[in-house]
Amino acid sequence: MAYKPEDIEDKWREQWAAESLYRARVDWERPKHYALTMLPYPSGDLHIGHWFAMVPSDARARWMRMRGYNVLFPMGFDAFGLPAENAAIQRNIHPWKWTYANIERMRGQLRTMGCMFDWEREAISCTPEYYHWTEWFFKQFYEHGLAYRSEAMVNWSPSLQTVLANEQVIDGKDERTGQPVVQKLMTQWFFAITRYAEQLLDFEQLDWPEPVITMQTNWIGRSEGAKVNFHTEDGDPITVFTTRPDTLWGATFMVLAPEHDLVDRVTTDEQREAVEQYIEQTARATEIERLSTDREKTGVFTGGYAINPVNNEPVPIWIADYVLSSYGTGAIMAVPAHDERDFAFARKYDLTVQPVIQPEGEPDLDGETMEEAYVGPGVMVNSGPFGGTAVTEDKGRKNPGISAVIDYLEEQGIGEESVNYRLRDWLISRQRYWGSPIPMVYPINDEGEIVGDPQPLPDSKLPVVLPEDVEFIPSGRSPLTYHEPFLYTTTKDGERVRRETDTMDTFMCSSWYQLRYLSPQYDEGPFDPQEAAYWLPVDVYTGGAEHATMHLLYTRFFTKAMRDMELFEETAAVMREHGRDPEGLFDEPMMMLRNQGQVLGAERPGDYLLISGSQEGTRWTAERVEVIDRRDAPEDFDGLQGELMRRTENILQVAGGEDGLATVEVPESAEVIIPSMEGEARVDQLKHYLEIQRMSKSKGNVINPDELVEQYGTDTVRTYLMFAFDWQKGGPWDPEGIKGPQRFLNDVWALLVESDLAAESEATDKAMRDLRRATHQTIMRVSDGLESFSFNTSIAALMAFKNTLQSVQNTPVVNTEAWTEAVETLVKLLAPFAPHIAEELWRNHFGHPESVHVQPWPEADEEIAAEDVITLIVQVNGKLRDRIEVPADIDEDAARETALASEKVNLEGEPRKVIYVPGRLVNIVT
RNA sequence: GGGGCGGUGGCGGAAUGGCAGACGCGGCGGACUUAAAAUCCGCUUCCCUCACAGGAGUGUGGGUUCGAAUCCCACCCGCCCUACCA
């Protein structure tokens, strides 16, 4: 009977469901393990990337279960978001219908993965049962002063006529169309995540990848310094934040962001026209222009002056868009002698440069002739009472110069120590329909105009349900704005009010979904404390590294805020009842985090390009770039033609130059012709249309998991995904490579089911010992791989073990208990990776009544696993000279003697030194 | 510009101070077959060699060490994050 996955996989999945094998129930008698993998967006089709993320996580969860843990491994859908609404606009399908059809389809696909998901815990964020509590959380944040309304610049896409989320804007362009996005001022809802900045910098309890910690740390961007109070000549205060208070005596001008409140007041009549013109010009600038790398700094003098509080010198006040209104106080003191940006600005507009830090052992700095700002350490000069104070490269209080000046500012009452963060408050409102409603109302007058502050709806009115009969028009406003029955309601006092029509960022939903899984049907709160007390926190979280600074920061913030709002009190009480100490368990949502890499499409040829322009060796500067079908390649072409191999920004690497690879720079002025793109192409669009390897539908190299499952079966696809890559790294898909795991599972099947194992003679003790050694070494290797997320080495160990079993399958050892132990162990070790074939072999072939998935994980016996013969490595001066088989328990003297006796050592004279590494090698130093 | 991660056979990858290339793909040779697929056996880092035996070798150059793919320094290349953050 041959191995036919189609005969066993569906069968076992049905059986497992019938037995509720994967139902996770609270059981205080057993240790718990909450394994979580990031929930998918219901885009319509399960991608190989989902498999790559979920299947190894499942294997590890299964392994934990076999090790005796009570494992929760849930699944759900992050079901609000833009694509559903775009489908509604483009194809006139209601987001509900579109989303539910997709979920239905993806559930089926998820089932074919053979994961141990507990489907009774499924949570879908777009259902009223779910977003009821997303709204409730909003209210909690609002009532605790953590949610507020304020004006903010948002990303506006003129081509899509809508506001975009930050994550949908890449390099100032809409990630989907590559069209520029502009900034627009709108009133928005914010969460005060910045209040938790300091706590979020503490990763002490977390076992998270170092790069994620670094990214979050950089994103939060803590900087230490001081706030210094300047005044205008008229006495208006202007506070600046600086990390370099030690350079205060060198502040020769001030710069305000063009949007700064005081701009209007300080501007003199002579300068007013220039200032207003500059403000208008900056407002028009798109994000791309603002971001362009070497853009020359621009600015305008306001005509006003401020007084430097340490020396009472008047300093001119300028405005410039290199000062951002959203960072610090939106105003800076400019110290051109010691800051590169200020220096460039000062030189351009001929402003005074006054050095106040003198590098030791160098000629005195001269503000007139300096060619660049000096940012290194030195001694303070021209700085009033601080002349001679040392300035180091340390930041903040650790720097003696900075520390001394901060003390001085505080004594004099002209400033104070201050810490500033790059992190901004979290903008959570979206002008969209398909998101969780914000449960707030506004008082209105008879004309329906908003006349007062927002008020929260009472809990009894929750959830605010999304109306279904809305019209989807891309107007830049939420479709809810046009829905009269939704828009107006009355309070319990009979007051007519208008509802908030913005909805929440979908990151709100995913900030607490790990709690909803605990009790998705619970209707007295977001989660059932009885469940939470047992399962929390998440022990292992897996997912893509792209969420490092958004989702993973938000969910940490959410958890800490919930703890401070005392939303875990009941849960803590239940924990105490069961003798579990709640201390520290609500500080972080997920204790361990691991990121998987990305599976890329099989390599395919890049676009074929025709390039005309000027040439210098292998470097080209393009005047015209055209993408053509390579079959249309002209034989005679005055320029460069070939396949696109690589691209970085506007630099293309094209195969087909005279020396193989040519480097082509495409300047802004170049003409770009891309047939697959609608409208006029620009250089900026190269990156959106000329990508070469990453997997995507438009490239035609998508791997379809459904087809793979049909062709090879779930177990083979699972095994291949875990075998072919370093999981944390990912890599390109090789369609041939899957044959390895396919042959492996076939061989395992054949070994156990098809071969006729009978031998006449008695097995030797050595044969049995060798087999048991292999068995126990395999247990160790497979376990180690699972522990460290090195799934590929676990499977390699299983393959090697299978090879060993094949090599002895025609020997008498097959009649021994050692063989029984070996094959039963093989099946148990295989179970987390290939759950269906393992179950079939366990129950149907071996005839065990209980599932293999509830068997205890085999324990390795170190003594059985120990080698009794080792290969002694003999080196001379660190170079390999010989390998000698010796008993494993050889002592040092015998090992040295054996090594020195080797013919291949062939030593002349006495060795200077002999290094002995027990059980490994002898290194003879001459 | 700043920060992070990485670079090992034709390919995916093992090895984290001690036998480089486990395991697999592909390739080559052979068996089976009318033939192909599948399957089985053998070889497969490179150079030299009929073979044995050698030699070189983990991006490049230096260092530490009895010994370095692994640790340190510099450089080159790739990927990711960030981008006037005062």
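All chains are named by letter (A, B, ...) in the order of the sequence lines, taking the proteins before the strands, and each is independently numbered beginning at 1. Being a predicted model, the structure only gives us computed values, none of them experimental.
Residue contacts for A:Asp339: at a heavy-atom cut-off of 4.0 Å it reaches no nucleic acid atom on any strand shown. As judged by a 4.0 angstrom heavy-atom cut-off over every strand, A:Gly299 is placed among residues making no nucleic acid contact. Here A:Arg920 lies in heavy-atom contact (under 4.0 Å) with sugar-phosphate atoms only. As judged by a 4.0 angstrom heavy-atom cut-off over every strand, A:Ser326 is placed among residues making no nucleic acid contact. A:Arg743 comes within 4.0 angstrom of sugar-phosphate atoms only, judged by non-hydrogen atoms across all strands, and of no base. A:Gly737 comes within contact range of the sugar-phosphate backbone alone, with a heavy-atom separation under 4.0 Å but no base atom that close.
Side chains of A:Gln598 and A:Glu546: a donor-acceptor N/O pair is absent below 3.5 angstrom, by distance only. Using modelled atom types, one finds no donor on one side chain facing an acceptor on the other under 3.5 Å when comparing A:Asn420 with A:Ser223. A:Thr194 and A:Asp425 form a side-chain donor-acceptor contact under 3.5 Å, judged by distance and modelled atom types alone. A side-chain donor from one of A:Thr871 and A:Glu885 sits under 3.5 Å from a side-chain acceptor of the other. If you check the side chains of A:Arg781 and A:Ser794, you find no donor sitting under 3.5 Å from an acceptor.
Remark: A:Thr214 is not in phosphate contact with B:rC81, judged by side-chain N or O atoms under 4.0 Å from OP1 or OP2. When the side-chain nitrogen and oxygen atoms of A:Arg422 are compared with OP1 and OP2 of B:rA83, one or more of them lie within a distance under 4.0 Å. Residue A:Lys739 places at least one side-chain N or O under 4.0 Å from the OP1 or OP2 atom of B:rG26. An OP1 or OP2 oxygen of B:rG24 is reached within less than 4.0 angstrom by a side-chain nitrogen or oxygen of A:Asn803.
For A:Gln728 and B:rC80, the CD to P distance is 18 Å, given to the nearest whole Å. To the nearest angstrom, P of B:rC81 lies 13 Å from CG of A:Asn595.
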- Please lay out, stage by stage, how A:Phe345 and A:Tyr322 fare under the test ring-ring contact (aromatic ring centres under 6.0 Å, His included). CA-CA 10 Å; A:Phe345 194 78; A:Tyr322 82 91; 5.3 Å; yes

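One distance of note links CG of A:Leu921 with OH of A:Tyr916; it measures 9.5 Å at 0.5 Å rounding.
Between A:Gly878 and A:Glu546, the residue anchored nearer the 5' end of RNA chain B, judged by the nucleotide with its closest heavy atom, is A:Gly878. The 5' end of RNA chain B is approached more closely, in terms of each residue's nearest nucleotide, by A:Ala800 than by the other of A:Ala800 and A:Lys879.
In terms of polar N and O atoms assigned as donor or acceptor, the side chain of A:Arg424 comes within less than 3.5 Å of the base of B:rC85 in a complementary pairing. Side-chain atoms of A:Gln875 and base atoms of B:rG18 include a donor and an acceptor less than 3.5 Å apart. Put simply, the side chain of A:Lys297 and the base of B:rC84 share a donor and an acceptor less than 3.5 Å apart.
Here, B:rU45 and B:rC41 have their C1' atoms 23 Å apart, quoted to the whole Å.
Its glycosidic angle being more than 90° from 0, B:rG63 falls on the anti side.
Each of B:rG18, B:rA86, B:rA20 was ranked by its minimum atom distance to the side chain of A:Leu880; first place goes to B:rA20.
Paired regions of RNA chain B, where each region holds three or more successive Watson-Crick or G-U pairs whose two hydrogen-bonding distances fall under 3.5 Å, are B:1-7 with B:76-82, B:10-12 with B:23-25, B:26-31 with B:39-44, B:45-47 with B:54-56, B:59-63 with B:71-75.
Judged by the 6.0 Å and 45° rule, A:Arg244 forms no cation-pi pair with A:Trp249.
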